[in-house]
Amino acid sequence: MVFDISVAVTWILFLALFPMAFFWLRRAWRILVRRDFSEVGLKHGVSPPNAAQFAPYEMAINLIAGTIAASVIVLVVLGQLDYETWSAIAGSTIWCKFFASFGLSRHAHAKAAREAKALQSGKA
């Protein structure tokens, strides 16, 4: 095996799965067990006012992504997945998780803004 840029990128992707799986599973644990909604639907580091409403969706996104990432780690270590398969699964999982969390946060904040606008126009 010759160490070149593709080998380095492969190792970076594999090693990056460890902290990602940890943080995603920890976030799901915090939402599900501790009922901590401080990291639900973050936009610019701020949760929406109705974070509890979107907590089940954020928990599901993080639980699914964390479980897939942890499964990929285990299967790669056991030699059950070849490079093309595990890198495709890992890459797709990362992008889908980011897009789903981004969409959820924008939806949560947009709904809060619409409700605030409706209250303000009702009072005026």
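Nothing fancy with the numbering, it's 1 onward along the sequence.
Among residues two or more places apart in sequence or in another chain, the salt bridge (charged side-chain N to carboxylate O under 4.0 Å, His left out) test is passed with Arg27 by Glu39, Glu58. Shown here are the ring-ring contact (aromatic ring centres under 6.0 Å, His included) partners of Tyr83, two or more places apart in sequence or in another chain: Trp86. Not counting sequence neighbours, Phe23 has no partner by the ring-ring contact (aromatic ring centres under 6.0 Å, His included) test. Qualifying side-chain contact (heavy atoms from CB on, under 4.5 Å) partners for Phe98, counting only residues two or more places apart in sequence or in other chains: Trp24, Ile94. Residues satisfying the side-chain contact (heavy atoms from CB on, under 4.5 Å) test with Val74, not counting sequence neighbours, are Leu78. A search for side-chain contact (heavy atoms from CB on, under 4.5 Å) contacts involving Leu32 returns Met59, not counting sequence neighbours. Applying the side-chain contact (heavy atoms from CB on, under 4.5 Å) criterion to Ala55, with sequence neighbours excluded, gives Ile31, Phe37, Val40. Considering only residues two or more places apart in sequence or on other chains, Phe102 meets the ring-ring contact (aromatic ring centres under 6.0 Å, His included) condition with none of them.
In this structure, Leu42 and Ser105 have side chains that are not in contact, with every pair of non-hydrogen atoms separated by 4.5 Å or more. Leu17 has its side chain out of reach of Phe22: every pair of non-hydrogen atoms, C-beta onward, lies at least 4.5 Å apart.
Within the structure, the ring-ring contact (aromatic ring centres under 6.0 Å, His included) test picks out no pair touching residues 58-80 (sequence neighbours left out). For the salt bridge (charged side-chain N to carboxylate O under 4.0 Å, His left out) condition, no pair includes a residue of residues 98-118, sequence neighbours left out. Identified under the side-chain hydrogen bond (donor to acceptor under 3.5 Å, both in side chains) test for residues 66-79, with sequence neighbours left out: none.
A side-chain N or O of Lys97 and one of Ser101 form a donor-acceptor pair less than 3.5 Å apart.
Side-chain atoms of Ser92 come within 3.5 Å of backbone N or O of Ala88 as a donor-acceptor pair.
Cluster partners of Trp95, using a side-chain heavy-atom cutoff of under 4.5 Å among ILVMFWY residues and allowing indirect links, are Phe99.
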